[in-house]
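Heads up: the structure comes next, in structure tokens.
Chain A is the first sequence line, chain B the second, and so forth, proteins listed ahead of strands; every chain is numbered from 1.
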Protein chains: 2
Amino acid sequence: MRPTERKLTLALGHNGYKLTAQRRSVLKAISNSHEHLTPAEVHERVNQENSKIGLVTVYRTLELLSELGLICQVHREGKSQSYTLAPSGHHHHMICSECGTVADFTDCDLGELEARLSRETGFEIEGHLLEFSGRCGDCQEQAGRNADD
Amino acid sequence: MRPTERKLTLALGHNGYKLTAQRRSVLKAISNSHEHLTPAEVHERVNQENSKIGLVTVYRTLELLSELGLICQVHREGKSQSYTLAPSGHHHHMICSECGTVADFTDCDLGELEARLSRETGFEIEGHLLEFSGRCGDCQEQAGRNADD
DNA sequence: TGCTAAATGAAAATATTTTTCATTTAGCAT
DNA sequence: ATGCTAAATGAAAAATATTTTCATTTAGCA
């Protein structure tokens, strides 16, 4: 069993949820992709296999997996919500604006900024959202090659 | 004329756009609110006045104002897009998760982190999204008072 | 092997955003 | 001031995205 599947089994069991074929397919589709996927994209990929599961189930499953911390949302200006596999613990995303590849990183060092803002504005800070966007190595190469043509 | 209105007039003129009553109303609704507003909320507030403008115009106007840099989007998990007034230049938001108040700050000091990530992952970084969420001073007080009851 | 609560799927409802196109109007030239 | 024209608006419809409802199926347990 792949580590992600193992996590799924454990997380579901601990919380009184059932392990179904649909849930496994959805998580598999996401963990097989480096990109972030919308509910519709997940649905499409899952149904390319034999299984044929309903879009509603995809929505429900994404919400559940997200709650369990196995996947998480990516925030793109103007686009509909999309999801990517979550490593365990606090982390952030770097997203390629061309191919959608998501790379994770964990150390964000925002503590000091957070403390200062809290002091200056009186806000009690609970969380933060940090994402970088840019071009991944592969897309840069590709662009380079195309320029040579 | 209020400074925000002045900016609107200038920004529109410089780009060959026309100054219409609808555009002024939409910007006014946003600049009168400390909170971030969805298109539907902007529409509602604008139409409480006499004017009655169409929701389509609100959508179109929000897009335009955003392009002109007069307003900007706020990113909330699972919610539909919403907008808030933009100060000039690079900045970020702190958002109260209770009342939706938005406070801006400008210095994010992400340069070093950015350089390191770029070096380590090969990404060419183009931009970042940083938002803090928490409870504003007012909402903390309010919660305190309710606890006393 | 059967029971039951949980999960699924299909359809409908709701919400959100965009497109189309006829009508109106801001800004400019006279 | 007045008329012209490209840009802007509004209404309706279309497209897209998401949620609800409810009858049927199934995982996990006794």
Side-chain angles (χ1 to χ4, degrees), chain A residues 1 5-6 8-29 36-47 49-68 70-71 73-83, chain B residues 1 5-6 8-29 36-47 49-68 70-71 73-83:
Chain A
M1 200 192 277
E5 284 240 342
R6 180 180 307 282
L8 175 65
T9 309
L10 290 175
L12 290 173
H14 284 161
N15 293 277
Y17 296 115
K18 294 176 178 174
L19 176 63
T20 64
Q22 290 89 335
R23 286 171 179 172
R24 275 195 277 133
S25 306
V26 167
L27 183 58
K28 189 164 141 221
H36 50 93
L37 303 174
T38 62
E41 287 165 344
V42 170
H43 184 234
E44 196 186 335
R45 296 195 184 201
V46 164
N47 285 10
E49 323 260 306
N50 31 43
S51 39
K52 307 291 172 203
I53 81 178
L55 180 57
V56 202
T57 300
V58 172
Y59 271 96
R60 283 190 287 229
T61 304
L62 289 173
E63 197 184 335
L64 176 64
L65 295 179
S66 179
E67 205 175 282
L68 295 175
L70 295 165
I71 63 175
Q73 284 198 313
V74 159
H75 301 79
R76 318 262 58 202
E77 191 102 346
K79 300 291 165 58
S80 75
Q81 310 285 15
S82 59
Y83 295 82
Chain B
M1 197 192 274
E5 285 239 343
R6 179 178 308 281
L8 175 64
T9 309
L10 291 174
L12 290 173
H14 284 162
N15 292 278
Y17 296 115
K18 295 176 177 175
L19 178 62
T20 64
Q22 291 89 336
R23 286 170 179 173
R24 275 196 277 131
S25 307
V26 167
L27 184 58
K28 191 164 139 220
H36 51 92
L37 303 175
T38 62
E41 285 164 345
V42 170
H43 184 234
E44 196 187 334
R45 295 194 184 201
V46 165
N47 285 11
E49 324 259 307
N50 31 43
S51 41
K52 308 290 174 204
I53 82 179
L55 180 57
V56 201
T57 301
V58 173
Y59 271 96
R60 283 191 286 229
T61 304
L62 290 173
E63 197 183 335
L64 177 63
L65 296 179
S66 179
E67 207 175 282
L68 295 174
L70 295 164
I71 63 174
Q73 286 198 314
V74 159
H75 302 78
R76 315 263 57 201
E77 191 102 348
K79 299 291 165 56
S80 76
Q81 308 286 17
S82 62
Y83 294 84

Atom-pair distance ([atom1] on [X]; [atom2] on [N]), nearest Å:
| X | N | atom1 | atom2 | answer |
| --- | --- | --- | --- | --- |
| B:E44 | C:dT16 | CD | C1' | 16 Å |
| B:Y83 | C:dT17 | OH | C1' | 10 Å |
| B:Q73 | C:dT16 | CD | C1' | 14 Å |
| B:I53 | D:dA11 | CD1 | C1' | 14 Å |
| A:K52 | C:dT8 | NZ | P | 18 Å |
| A:L10 | D:dG28 | CG | P | 13 Å |
| B:Q81 | D:dA17 | CD | P | 13 Å |

Notebook entry, point to check: Do the side chains of B:V46 and B:V58 get nearer than 4.5 Å, heavy atoms only?
Noted result: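 A side-chain contact is absent here, since even the closest heavy-atom pair is not under 4.5 Å.
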
Requested in this report: Decide yes or no for B:L27 and B:E5: does some side-chain heavy atom of the first lie under 4.5 Å from some side-chain heavy atom of the second?
Outcome: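 Not in contact.
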
*Provide the closest heavy-atom pair for A:Q22 versus A:T57 in the form atom of the first, atom of the second, distance.*
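Shortest heavy-atom contact: CB-CG2, 4.0 Å.
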
Check: Where is the tightest heavy-atom contact between A:H43 and A:I53, given as atom of each residue plus distance?
Finding: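 Minimum heavy-atom separation between A:H43 and A:I53: NE2-O, 2.8 Å.
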
* Any side-chain N or O of B:Q22 under 4.0 Å from OP1/OP2 of D:dG10? ->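 For B:Q22, the contact criterion (side-chain N or O under 4.0 Å from OP1 or OP2 of D:dG10) is met.
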
Next item on the list: Output yes when at least one side-chain N/O atom of A:T57 is less than 4.0 Å from OP1 or OP2 of C:dT8, else no.
Entry: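 For C:dT8, OP1/OP2 do not have a side-chain N/O of A:T57 under 4.0 Å.
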
Overall bend - the helix from C:dT1-D:dA30 to C:dT30-D:dA1, comparing terminal axes fitted on five pairs, nearest 10 degrees: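 Computed angle between terminal axes is 30°.
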
For nucleotides 22-30 of chain C, 5' to 3', base contacts (B), sugar-phosphate-only contacts (S) and non-contacts (-) with protein non-hydrogen atoms under 4.0 Å give ----BS---

inquiry  = Using the side-chain heavy atoms of A:L55, tell me which of these nucleotides is nearest: D:dT9, C:dT8, D:dT18.
reply    =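 Of the candidates, D:dT18 comes closest.
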
Check each residue of residues 59-68 of chain A for a non-hydrogen atom within less than 4.0 Å of any atom in DNA chain C, then write out the ones that pass by number, or none.
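Of all residues in residues 59-68 of chain A, the ones placing a heavy atom under 4.0 Å from DNA chain C are A:R60.
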
Q. Among B:T20, B:L64, B:L65, B:L70, whose side-chain contact (heavy atoms from CB on, under 4.5 Å) with B:L12 holds?
A.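 Single pass found, and it is B:L64.
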
Applying side-chain contact (heavy atoms from CB on, under 4.5 Å) to B:R23 and B:V26, what does each step give before you reach the verdict? CA-CA 5 Å; B:R23 286 170 179 173; B:V26 167; 6.0 Å; no

